[in-house]
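As the structure is a computational prediction, the values presented were derived from the model and not from experiment. Residue numbers begin at 1 in each chain, while the letters A, B, ... track the order of the sequences.
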Number of protein chains: 2
Amino acid sequence: MQNRNISDIIEKYLKSILADSQQIEIKRSEIAEQFDVVPSQINYVIKTRFTIQNGYVVESKRGGGGYIRIAKVNLIDDTDVLDQLIDLIGESITSGKALQIIQSLYEDKLLTQKEANLVLATMDRTTLNFADKRLENVVRARILVSVLNRLRCAD
Amino acid sequence: MQNRNISDIIEKYLKSILADSQQIEIKRSEIAEQFDVVPSQINYVIKTRFTIQNGYVVESKRGGGGYIRIAKVNLIDDTDVLDQLIDLIGESITSGKALQIIQSLYEDKLLTQKEANLVLATMDRTTLNFADKRLENVVRARILVSVLNRLRCAD
DNA sequence: ATAATAATAGTCAATATTAGTCAAAGTTGG
DNA sequence: CCAACTTTGACTAATATTGACTATTATTAT
């Protein structure tokens, strides 16, 4: 619980700010300096932890006065996001990315914890356990899309 | 009785820590070094002694700052039903039989209606949609067994 | 206005740091 | 001796870190 990697720490820091405000605007170099990492690590953190799968939308601008803006999006009032997710999943998805999506659904209260755990169990790496991982990802995508579509129903 | 094997000793050590806390996070290499065994032996200990049947859920992460987390979970009172169902399913199950099992779980109040519908969606014929139905039934069995094992947890 | 320069952020691939899998070899109790 | 369990290690997979190079935007000089 103590010696997490620096990416996790940066993630946590950013999310703690986002807990209070709908969005934040950071200067990449400042955050990098603050945590003593190379600037591109900030891109890594964003790319792995602040994607639309995670329920975030990121915009940025380069040049003088450049910034990276991270905004939280809500899956509940935004049916478009559900469509976006399905679109994004496409034909194939890894176990890790699927986990991110399920976590987002839980955070946005579209799934209870038990529901999330059950759904996760169905598409876990060790559950599907295909020799051909490419095919496994295809099947996982079908399962996840099926779950997302099911969530459109009222009950 | 005195000189038990090293796997038993590692098991006992981990469980002694878990007696005080709900979960622990270990670094595989550290534990391996501490007991002077190869790292993969830690996996063996976990796989044989920290199963869901024993009331443990294990998560891990690789890469820098990686860890293995072992958490205690509360098991439901009657796991016999689950054991029997898992036995019944075996290696393969059709969509129809799976539906029957999910329905019975709903009637036994092990699943809410929404949970049942979600789980059904994941293993529906149109979701899995394998060309090779024999293989589809095998995968469905793995999914359903995984769900049943998840249901052992009270929370 | 245009060109040069400065100030940002982005990409990508090499390397490092973990954990997981699997099967062969060893051990032990019956 | 046999079957089940344990130990080992080579190979694989996932994740994180780093830095050189690129792209974009703003500012300054001409």
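- For B:D36 and D:dG9, the CG to P distance is 10 Å, given to the nearest whole Å.
- Rounded to a whole Å, the CG atom of A:L99 is 13 Å from the C1' atom of D:dA14.
- For DNA chain C, no neighbouring residue in residues 119-135 of chain A is found when judged by any heavy atom under 4.0 Å.
- Following rounding to the nearest Å, A:Q41 (CD) and D:dT15 (P) show an atom-to-atom distance of 15 Å.
- Shown here are the side chain to side chain donor-acceptor pair (under 3.5 Å) partners of A:N129, two or more places apart in sequence or in another chain: there are none.
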task = Give the B/S/- string for nucleotides 20-30 of chain D, one per nucleotide from 5' to 3', where a protein heavy atom under 4.0 Å of the base yields B, of only the sugar-phosphate yields S, and otherwise -.
result = ---BBBS----

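- Regarding B:Y67, its OH atom lies at a distance of 10 Å from the P atom of D:dT15, rounded to whole Å.
- With side-chain heavy atoms closer than 4.5 Å counting as contact, directly or through intermediates, the hydrophobic cluster containing B:I42 also holds B:I6, B:I9, B:I10, B:Y13, B:L14, B:I17, B:L18, B:I24, B:I26, B:I31, B:F35, B:V37, B:V45, B:I46, B:F50, B:Y56, B:V58, B:I68, B:I70.
- Following rounding to the nearest Å, B:R28 (CZ) and D:dA14 (C1') show an atom-to-atom distance of 12 Å.
- Annotation: side chain to side chain contact (heavy atoms under 4.5 Å, CB included) contacts of A:D36 (sequence neighbours excluded): none.
- The CD-P distance, from A:E136 to D:dA13, rounds to 12 Å in whole Å.
- Summarising the geometry, the separation between CZ on B:R49 and C1' on D:dT7 is reported as 12 Å, rounded to the nearest angstrom.
- In summary, contact between chain B and DNA chain C, defined as any nucleotide atom under 4.0 Å from a heavy atom of the protein, begins and ends at C:dT17 to C:dT21 in the 5' to 3' direction.
- Within the nucleic acid shown, B:I6 comes within 4.0 Å of sugar-phosphate atoms alone, with no base atom in reach, counting heavy atoms only.
- Using a 4.0 Å cut-off between a side-chain N of Lys or Arg and a carboxylate O of Asp or Glu, B:R152 and B:D83 qualify as a salt bridge.
- Other residues sharing the hydrophobic cluster of B:V57, ordered by chain and number and joined by side-chain separations under 4.5 Å: B:I52, B:V73, B:L75.
- The side chain to side chain donor-acceptor pair (under 3.5 Å) check on A:K133 picks up A:E136, with sequence neighbours excluded.
- Every side chain to side chain contact (heavy atoms under 4.5 Å, CB included) that A:E59 has, sequence neighbours left out, goes to A:R69.
- Rounding to the nearest 0.5 Å places OG1 of A:T112 at 8.0 Å from CG of A:L118.
- Sequence neighbours left out, not one pair with a member in residues 87-98 of chain B passes side chain to side chain donor-acceptor pair (under 3.5 Å).
- Atom-to-atom, CD of B:E59 to C1' of D:dA14 comes out at 15 Å; the value is rounded to the nearest Å.
- In the hydrophobic clustering, A:Y106 connects to no other residue, as no ILVMFWY side-chain heavy atoms lie under 4.5 Å from its own.
- For A:T48 and B:V38, each mapped to the nucleotide of DNA chain D holding its nearest heavy atom, the one lying further toward the 5' end belongs to B:V38.
- Judged as a side chain to side chain donor-acceptor pair (under 3.5 Å), and not counting sequence neighbours, B:R150 has no contacts.
- Across all strands shown, A:I42 has no heavy atoms under 4.0 Å from either base or sugar-phosphate atoms.
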